[in-house]
Protein chains: 2
Amino acid sequence: MTKNTRRIQRGELALTRAAIIDASIALLDSSGESGLTFRALAAVLATGAGALYFHVASREDLVNASCDAIVARAMAATMTFASPPQRLRAIGLALFDAIDAHPWVGAELARAPGTMPTVRILEGIGQQVQALDLAEEALWAATSALFSYIVGVAGQNAANARIGRERGLDRSTFLDALATQWSQLDANAFPFARSVATQLRGHDDRADFVTGIDLILDGIATRCAR
Amino acid sequence: MTKNTRRIQRGELALTRAAIIDASIALLDSSGESGLTFRALAAVLATGAGALYFHVASREDLVNASCDAIVARAMAATMTFASPPQRLRAIGLALFDAIDAHPWVGAELARAPGTMPTVRILEGIGQQVQALDLAEEALWAATSALFSYIVGVAGQNAANARIGRERGLDRSTFLDALATQWSQLDANAFPFARSVATQLRGHDDRADFVTGIDLILDGIATRCAR
DNA sequence: ACCTGAACACCGTTCAAGT
DNA sequence: ACCTGAACACCGTTCAAGT
C-alpha cells in the first residue's frame, strides 16, 4: 500500500512532516510550550501518537523544525532594506516581532544553538556585517556581539511572554506585580532595582531593543573601522 | 515534636531549605537539568519526595533558588574592581565563569526574568552604569543593553554546554561536528556560515564575550556621553 | 511502508496516614 | 509540625500487531 493511502481513503489529509509541523505551530501558539504533546498533536491530526515518529525524530526535532519555519519566514521578510545597518535593525525587529507572536520560538532559539534556525539568523547578520567593510579581525567580534544580543533578547522576551501566559496576566499587570515586588527589596542592597521598579511599566521593550542594536553598531563603528 | 527531631534522632542532618538547595545544586552539577528529580533528591537526602514540599514550593522554585545561590556568590566576587567599566567586565566574566561551571544557571536565568537572580545582575549592572555619569535618558538604555547581552550570552553558553553533556561530547568534538554540518550547507544561501565553519573551533567564547561588552561600552561612550 | 494504540518507564505533585 | 510513600495524572517513546 502506498504512502498514506489509508488515511486518504478515510477522507483525511496525508500525514506528512509539513502537516505535522503546521499543526505543531498551531498548538504551540494556542496552548503554549506545555500544550504541545504527542497525544494532543495526534488527536488534532486524527492519528496515533506513534505515527508521528515516522515523520519526526523526537519532540525536540519537532519544536526545532517548527521554530525554523517561523524564523525562515521572518528572515525572508528582511530582504528589502537598503543599507547594512538598516538591514541589521530590520533583522532584529523581524525576529523580535516573530517572537512576540510566537514566544516559544524565542525559547527554542536559546535552547538549540548551532541548529538551522540559529544558522539562518547568524547568516543574515554575518552577511550584513561583511557589507560594513570592517577590518578582517573585527568581523567575527561584530557578528558575534550582534547575534548574541539579538538571540539573547529573544530568549528573555519569550520568557516574559511565557510567564504572562502561565499566570494568565497581560503584560501591564505582570509588570505591575514585578514593580511591587522590586519596590519591597532591601533599600541598601537594591537601590537601582527599586529606582527602576516604578518605571518598568512605561518602558517600550521593542524600542529598548533597537537602541541596544544601535549601541552595538556605534561601538563597531568606533572600534572596528579600518 | 519539634522541627526535624525525628530525622536528627535517626542521626541525619536536619531537612532544611538550605540543605535541599545544596543537594539540588550538587545534583544539577553532576547529572544535569534532567537529573534533578524529586525522587533522586529525596534519595540523596534520605527522605520522602513529599517532604521536600514542606521547604520548597515546586521544582521551579527549587531551581530558581539554586540558581540564586550561585549568582549571589558570583556577584559578591566582583566588588573589588575599581572603575565602572572594569567592574562591568568583571560582572560579565564572573557570570560567564559561573555558568561555565554550572550550565543550568544560564538556562534558569533565561527562563525566569524578573526573579531574584536576574534582579541581582540588573542591580550590579545598573549601579555601575549609574557611575558612568550618563545623560538621564540614556541610563536605562545602557543598562538594558548590557543586561540583555550578558544574560543572553549566558543562555547560549548554557545551551552549548547542555548539548555537549547530552551527547557526551567535549567542546572541541562538538564544534567539529558543527563545522562539518555547516560546511555542507548550500553555498548560495549560506556563504557566511560556511566561511566561519572552519574557524569555529579556534574561537575563544570568553574573549568574544568580553569584546561584546567592550563594543557596547564604546557605543555607550559615543552615543550617551553628556 | 505506514499506521495504530496499548504498554513502558518515567515525571511533579498531592494527601491520607503516621510520629 | 514535619515526614512518609503510595497514588494520581500526566509525559515521551517504543513496539507488536495490523493494513
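- Side-chain contact of Thr173(A) with Asp170(A): a donor-acceptor pair under 3.5 Å is present, judged by distance alone.
- In this structure, His55(B) does not reach the dC2(D) phosphate: none of its side-chain N or O atoms is under 4.0 Å from OP1 or OP2.
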With both pairing distances under 3.5 angstrom for Watson-Crick or G-U wobble, and | for a partner in another strand, the correct string for DNA chain C is ||.|||||...|||||.||

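- Rounded to whole angstrom, the span from the CG atom of Leu52(A) across to the P atom of dC15(D) amounts to 17 Å.
- A donor atom on one side chain and an acceptor atom on the other are found under 3.5 Å apart for Thr115(A) and Asn64(A).
- Salt bridge Arg111(A)/Glu108(A): present, at least one basic N to carboxylate O contact under 4.0 Å.
- In terms of modelled atom types and a separation under 3.5 Å, the side chain of Arg201(B) and the main chain of Leu175(B) share no donor-acceptor contact.
- Listed for the Trp140(B) side chain is no donor-acceptor partner under 3.5 Å among the backbone atoms of Gln199(A).
- Within 6.0 Å of atom CD in Glu60(B), 12 or fewer heavy atoms from other residues, nucleotides or ligands are found, so the atom counts as exposed in its surroundings.
- With rounding to whole Å, Ile20(B) atom CD1 is found 13 Å from dT13(C) atom P.
- Under the 6.0 Å cut-off for aromatic ring centres, Phe96(A) and Phe209(A) qualify, their centroids lying closer than that.
- Using a 4.0 Å cutoff on non-hydrogen atoms, the parts of residues 33-51 of chain A near DNA chain D are Leu36(A), Thr37(A), Phe38(A), Arg39(A), Gly50(A), ordered by number.
- Separating the OH atom of Tyr53(B) from the P atom of dC11(C) is a distance of 12 Å, rounded to the nearest angstrom.
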### salt bridge (Lys or Arg N to Asp or Glu O under 4.0 Å) assessment of Arg206(B) paired with Asp100(B)
CA-CA 10 Å; Arg206(B) 196 170 185 271; Asp100(B) 198 50; over 6 Å; no

